[in-house]
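Beneath this line is the structure, given in structure tokens, with notes to follow.
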Amino acid sequence: MGSVNELEHKSLFRKEEEDATQAKAASLMEQGSLSLSFPEHATKSPKNSVLRSIKIVIFSNKLNMLLPFGPLAILVHYMIDSKGWVFLLSLIGITPLAERLGYATEQLAFYTGPTVGGLLNATFGNVTELIISIFALKNGMIRVVQLTLLGSILSNMLLVLGCAFFCGGLVFYQKDQVFDKGIAVVNSGLLLMAVMGILFPAVLHYTHSEVHAGSSEMALSRFSSCIMLIAYAAYLFFQLKSQSNSYSPLEEETNENEETCGEDEDPEISKWEAIIWLSILTAWVSLLSGYLVDAIEGASVSWNIPIAFISVILLPIVGNAAEHAGAIMFAMKDKLDLSLGVAIGSSIQISMFVVPFCVVIGWMMGEQMDLNFQLFETAMLFITVIVVAFFLQEGTSNYFKGLMLILCYLIVAASFFVHEDPHEESLV
């Protein structure tokens, strides 16, 4: 009996040893799997040569075939001095630069994390419009700034979103495409707040109810601009922190892209390459923007087209060409939340960040930049936001809704073509 008990005791002891060994092995395997999983999510910084970096950034996109139009615009400016051609060539030359700025920002976001990456995208998402606006402000062309930013908002809400709905609806014509209704409602509310900030200075001006004539309107614009910037900062915090789950891609999209997401997680260029390319591209956009702004008046005379039409329609269409293509591409892949992020998100950035930021910059420059976009333009913006909010309230889209938005944009374009700005002399 003693030997049997001893054998049982040994067998139990061995079993405990085996269990402990298995548990230890399991823990080591877990640690190993965790340590192996970290590199999958860690950012692998590539080591590219200068030629390799140029090939990735410059020669990897077919849109960059338009890059030579930038230097050509500068040559035409000094050799022929044809304002119409300088304006057209500069406009075409800026188009691929805007897309490459977005690419460099995305590459830099790999190294900064989602929060700083979101801030970078918010900052550089409309850097082209911001640079053009600052150059126009330096030249005292306040109405060009107002009309260009207004045109970007209208273009994104009507043309970009309309084309996305229309193309996506044609591909998936047998069903209604679905997007996050809650996010759309929040975005509509922000756009209405932007309309409020722009509407009240215009109402104050046209009702002649200023306490201090000539200064109350400007004071209200500057105060409202500061409030709008605070609201936009709160929106970014809400989007990136408080509601990060709500603003992440839907589970269906995540599952569909699970196999391919690993390929997209690794950046193509290093952090310092992205910073250098951002600096180079921003400097080149700034240079071309100077020629573009200087040629607006001459282009208007050469083509016999109102400056208001050039500022509201032509500049935003060409300047946002890359965003247009991106929104349409996402919609045709049934990813309408991403399309809305491009179209409506860009409109929010311009109306809640770029417009009030230009007011503050103009304040620092001593320019009388305000939020009074005049009655015709403010009414156009107000009606556009209301129409888009109605189209978004159901959380579904189809090709008919897209067609209606495109037709609305054609009405807007025709209206500005026949509209004579009452401050035409301040445009130039």
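When F353, F237, F357 are each tested for a ring-ring contact (aromatic ring centres under 6.0 Å, His included) with Y232, only one passes: F353.
Contact between V145 and S133 at its shortest, heavy atoms only, is CG2-O, 3.4 Å. Between W303 and G84 the shortest heavy-atom distance is CZ2-O, 3.3 Å. Residue A327 comes nearest to S339 through the heavy atom pair O-OG, 2.7 Å, listed as atom of the first residue, atom of the second, then distance. The heavy-atom pair separating M369 from C358 by the smallest distance is CG-O, 3.8 Å. When every heavy atom of A136 is checked against every heavy atom of V293, the shortest pair comes out as CA-CG1, 4.0 Å. Of all heavy-atom pairs between L281 and A104, the closest is CD1-CB, 4.5 Å.
For the 3.5 Å distance criterion, the side chains of S225 and W363 fail to qualify, holding no donor opposite an acceptor. Q146 and D370 share a side-chain donor-acceptor pair at under 3.5 Å. Checking D334 against Q177 by side-chain atom types alone, a donor-acceptor pair falls below 3.5 Å. At a cut-off of 3.5 Å, with distance as the only test, no side-chain donor of S300 or E297 sits close to an acceptor on the other residue.
The OG1 atom of T148 sits 10.5 Å away from the CG atom of L314 when rounded to the nearest 0.5 Å. Distance CE/M352 to CD1/I227: 10.0 Å, rounded to 0.5 Å. Atom-to-atom distance recorded for L149:CG and S347:OG is 11.5 Å, nearest 0.5 angstrom. Separation of atoms CE (M157) and OG (S346) is listed at 10.5 Å; rounding is to 0.5 Å. Taking OG from S289 and CD1 from I94, the interatomic distance works out to 4.0 Å, rounded to the nearest 0.5 Å. The distance from atom CD1 of I269 to atom CD1 of I54, rounded to the nearest 0.5 Å, is 12.0 Å.
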*Take I74 and L89 through the side-chain contact (heavy atoms from CB on, under 4.5 Å) test and state the conclusion after the steps.*
CA-CA 9 Å; I74 299 176; L89 294 173; over 6 Å; no
*Please lay out, stage by stage, how N61 and R100 fare under the test side-chain contact (heavy atoms from CB on, under 4.5 Å).*
CA-CA 9 Å; N61 195 332; R100 289 290 87 183; 3.3 Å; yes
*From CA spacing to verdict: side-chain contact (heavy atoms from CB on, under 4.5 Å), F376, S415*: CA-CA 10 Å; F376 180 82; S415 300; 3.8 Å; yes
*Any chance you could lay out the side-chain contact (heavy atoms from CB on, under 4.5 Å) test for L88 and I92, step after step, and finish with the verdict?*
CA-CA 6 Å; L88 180 62; I92 298 175; 4.2 Å; yes
*Might you work through the side-chain hydrogen bond (donor to acceptor under 3.5 Å, both in side chains) test for S270 and E273, ending with a clear yes or no?*
CA-CA 5 Å; S270 67; E273 285 179 80; 2.9 Å; yes
Side-chain donor-acceptor pairs of residues 399-412 under 3.5 Å, sequence neighbours excluded:
| from | atom 1 | to | atom 2 | distance (Å) |
| --- | --- | --- | --- | --- |
| K401 | NZ | E394 | OE1 | 3.2 |
| K401 | NZ | T396 | O | 2.9 |

When the side chains of residues 377-391 are checked against the rest of the protein, which donor-acceptor pairs come out under 3.5 Å, sequence neighbours left out?
| from | atom 1 | to | atom 2 | distance (Å) |
| --- | --- | --- | --- | --- |
| E377 | OE2 | R143 | NH2 | 3.0 |
| E377 | OE2 | H419 | NE2 | 3.3 |
| T378 | OG1 | Q374 | O | 2.7 |
| T384 | OG1 | M380 | O | 2.8 |

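Note that K138 lies in the cation-pi zone of F135, set by a 6.0 Å cut-off to the ring centre and a 45° limit from the axis. Cation-pi geometry between K333 and F330 is not satisfied (NZ or CZ under 6.0 Å from the ring centre, within 45° of the ring normal).
Panel note: side chain D180, backbone G182; a donor-acceptor pair is recorded below 3.5 Å. In this structure a side-chain-to-backbone donor-acceptor pair under 3.5 Å is missing from N64 to L67. Counting only distance, with no hydrogens or angles, the side chain of Q107 and the backbone of E268 share a donor-acceptor pair below 3.5 Å.
Using a 4.5 Å heavy-atom cutoff, the side chains of V360 and L229 are in contact. At a threshold of 4.5 Å between non-hydrogen side-chain atoms, the residues P316 and L154 do not count as touching. Using a 4.5 Å heavy-atom cutoff, the side chains of L108 and L278 are in contact. Contact check for F200 versus S221: no side-chain heavy atoms found under the 4.5 Å cut-off. In this structure the side chain of I310 reaches within 4.5 angstrom of the side chain of F87, judged on heavy atoms. Looking only at side-chain heavy atoms (C-beta outward), M228 and L371 come within less than 4.5 Å of each other. Within the 4.5 Å cutoff, side-chain heavy atoms of W284 are placed close to those of L288. F166 has its side chain out of reach of I328: every pair of non-hydrogen atoms, C-beta onward, lies at least 4.5 Å apart.
Classification of the Y78-Y291 ring pair by plane angle, with boundaries at 30° and 60°, yields perpendicular.
In this structure, Y103 has its ring center at least 6.0 angstrom away from the ring center of W277. You'll find the ring centres of F417 and F309 inside the 6.0 Å limit.
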